[in-house]
Trainee: 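Got a structure here, written out as structure tokens. Questions coming.
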Amino acid sequence: MARRSTARGGGAPEAADGYDGPREAATGRLKRPRAGSGGRWWVWVGRAVLWAFIIVVLINGIWHPLREGIATPAAEEPAEQEEGGDFPETAAAAFAVRFAEHYLNVEEGGRKERAEALAAFVPEGAASSYEVSGGPLTGTEIQVVQVEDVDGSNAVVTLAADVNGAPMTLDVPVYAAGPSSLVVSGRPALLAAPDKADLPEAPGIDVDTDARAELESMLPAFFEAYSANPDHLSQYVESGVRIAPLPADTLAFEKLDEVAVPARTAAAGDEDVRQAVAEVVWRVPGGSGGEGATLTQSYQLTVVESGGKWYVRDVQGSLQGPRR
């Protein structure tokens with residue numbers, strides 16, 4: 001069957017009823033988006049985000065150190081870098097003692113030698129200011145009492161000495177540029193020796209008379225072995241403990257004068273350990289006529305009871321004599 005066609009404006013054939021294929025195809029070609037137009041927009045967004053991230057990282061990397069430097073105060077120089085450092089107390093003490101041996105001793109006719117000796121300890125050309133006029137001066141028993149560090153380079157060394165037979169102290173100012181570079185920085189000063197203190201009365205203690213009686217029978221043998229028979233010492237000493245005996249022929253045991261043993265306390269636990277104090281009389285061998293001098297000395301003994309016997313764990317000097 002033949003199809004009719006009607007020309008419209010330019011003679012273009014009109015589509016047959018029910019057929020729109022060419023028109024739809026043309027419309028489809030006009031509406032198709034250009035390749036990549038939507039994807040390119042997201043690329044620009046991604047680039048913007050990336051550049052923003054890079055800028056933030058750069059700003060933080062530059063600003064953070066600057067902010068820390070502004071907010072944090074400068075650290076102090078290490079103490080080791082301070083001029084002088086720790087004062088060399090041992091070297092200064094020995095230096096002051098040698099200075100005092102020359103300073104405190106003046107002999108008739110020996111002033112020139114004294115000035116020459118002092119020149120090794122005082123500033124250049126200052127030895128004449130340490131001269132002593134008048135009669136002789138003697139200083140003996142010179143010992144270090146203390147070193148008072150003032151500022152790391154300066155200190156006052158306090159010495160004890162018998163000056164013309166009287167006990168005194170001598171303060172010697174010392175400057176240190178280092179342990180091997182010292183000088184007496186000024187004139188020393190003589191001061192009074194420390195006063196004798198009044199010893200307070202020791203508090204009373206509960207005494208264990210039974211333990212004291214047992215130790216009074218054991219300790220003489222211990223001290224005898226301690227001074228003269230070291231081969232027998234171990235039988236009076238706690239197992240596993242070593243006590244060094246006295247040097248041979250230095251002291252001879254004379255007698256045990258007094259023993260004080262405190263009562264056992266509830267806090268002592270299962271082990272019976274006491275701090276006993278003993279007064280011992282020694283004889284010093286080698287005296288004229290075969291009899292030497294005698295010495296009475298106080299010892300603190302750590303004793304432990306084991307198997308019904310007492311053993312010595314430690315021996316040392318006592319703060320005070322037996323407290324009764």
Side-chain angles (χ1 to χ4, degrees), residues 141 143-146 160 162 167 193-324:
E141 304 296 331
Q143 301 177 37
V144 178
V145 175
Q146 67 174 9
D162 287 345
D195 292 333
K196 184 178 70 172
D198 293 328
L199 184 65
E201 185 177 352
I205 61 171
D206 293 332
V207 176
D208 188 334
T209 56
D210 292 337
R212 180 177 64 184
E214 294 170 359
L215 287 172
E216 284 177 339
S217 64
M218 184 275 286
L219 287 179
F222 164 78
F223 282 109
E224 179 72 30
Y226 182 60
S227 61
N229 298 301
D231 293 339
H232 300 161
L233 186 59
S234 60
Q235 61 183 302
Y236 308 106
V237 175
E238 183 184 18
S239 177
V241 173
R242 182 184 181 277
I243 293 178
L246 293 175
D249 302 324
T250 55
L251 295 174
F253 177 73
E254 186 78 5
K255 66 175 181 176
L256 184 67
D257 199 35
E258 180 68 33
V259 179
V261 185
R264 186 177 183 181
T265 62
D270 295 335
E271 189 178 45
D272 190 357
V273 181
R274 315 282 183 94
Q275 299 293 329
V277 177
E279 284 188 352
V280 178
V281 180
W282 299 105
R283 185 171 296 280
V284 182
S288 59
E291 291 192 10
T294 58
L295 296 171
T296 301
Q297 299 185 323
S298 295
Y299 292 87
Q300 177 175 293
L301 300 159
T302 303
V303 292
V304 56
E305 192 273 336
S306 178
K309 294 183 179 180
W310 289 97
Y311 297 93
V312 177
R313 176 179 290 179
D314 184 46
V315 56
Q316 58 185 312
S318 173
L319 290 176
Q320 297 186 25
R323 292 174 294 178
R324 301 170 179 84

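The figures that follow rest on heavy atoms only: side chains count, while hydrogens, waters and symmetry mates do not.
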Trainee: List the atom of A193, the atom of P167, and the distance in Å for their closest heavy-atom pair.
Mentor: CB-O, 3.5 Å
Trainee: I'd like to check V303 versus L215 (side-chain heavy atoms, cut-off strictly below 4.5 Å). Are they in contact?
Mentor: yes
Trainee: Should the pair F223 and Y226 be assigned to parallel (<30°), tilted (30 to 60°) or perpendicular (>60°) ring geometry?
Mentor: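 Perpendicular: the ring planes of F223 and Y226 meet at over 60°.
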Trainee: Hey, does T296 have a side-chain heavy atom less than 4.5 Å from the side chain of W282?
Mentor: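 No, their side chains stay 4.5 Å or more apart.
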Trainee: Quickly, which of Q316, Q275, R274 forms a side chain to side chain donor-acceptor pair (under 3.5 Å) with T302? Name it, please.
Mentor: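 Between T302 and the candidates, side chain to side chain donor-acceptor pair (under 3.5 Å) is satisfied uniquely by Q275.
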Trainee: What I want to find out is whether R264 reaches E271 closely enough, with some N-O distance under 4.0 Å, to be called a salt bridge.
Mentor: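 No, R264 and E271 are not salt-bridged.
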Trainee: With side-chain contact (heavy atoms from CB on, under 4.5 Å) as the test, would you mind laying out the steps for V312 and I243 before giving the verdict?
Mentor: CA-CA 9 Å; V312 177; I243 293 178; 3.6 Å; yes
Trainee: Which atoms form the tightest heavy-atom contact between L219 and A278, and what is the distance?
Mentor: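 Answer, listing the atom of L219 first, then A278: CD1-CB, 4.4 Å.
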Trainee: Would you check if the side chain of N229 reaches a backbone N or O of D231 as a donor-acceptor pair within less than 3.5 Å?
Mentor: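 Between the backbone of D231 and the side chain of N229 there is no qualifying donor-acceptor contact (under 3.5 Å).
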Trainee: Under 4.5 Å between any side-chain heavy atoms of R212 and V207, yes or no?
Mentor: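 Of all side-chain heavy-atom pairs linking V207 with R212, at least one is under 4.5 Å.
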Trainee: Shortest non-hydrogen contact from V261 to A276?
Mentor: CG2-CB, 4.1 Å
Trainee: Just so I know, are the side chains of L295 and E254 near enough to count as touching, which here means a heavy-atom distance under 4.5 Å?
Mentor: no
Trainee: Contact between D257 and V280 at the side-chain level, heavy atoms closer than 4.5 Å - yes or no?
Mentor: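 Side-chain contact under 4.5 Å: no.
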Trainee: Compare all side-chain heavy atoms of V277 with those of V259 and state whether any distance is below 4.5 angstrom.
Mentor: no
Trainee: Strictly distance-based, threshold 3.5 Å: is any side-chain N or O of E224 a donor or acceptor partner for the main-chain N or O of S227?
Mentor: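 The answer is no, because no donor-acceptor pair under 3.5 Å joins these two groups.
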Trainee: Would you say the side chain of R283 lies within less than 4.5 Å of the side chain of T294, judging by non-hydrogen atoms?
Mentor: yes
Trainee: Within a strict 4.5 Å, meaning less than it, do heavy atoms of the W310 and D272 side chains meet?
Mentor: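 With C-beta onward as the side chain, the pair touches.
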Trainee: Could you give the distance from OH (Y236) to NZ (K309), rounded to the nearest 0.5 Å?
Mentor: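 One gets 10.0 Å once the value is rounded to the nearest 0.5 Å.
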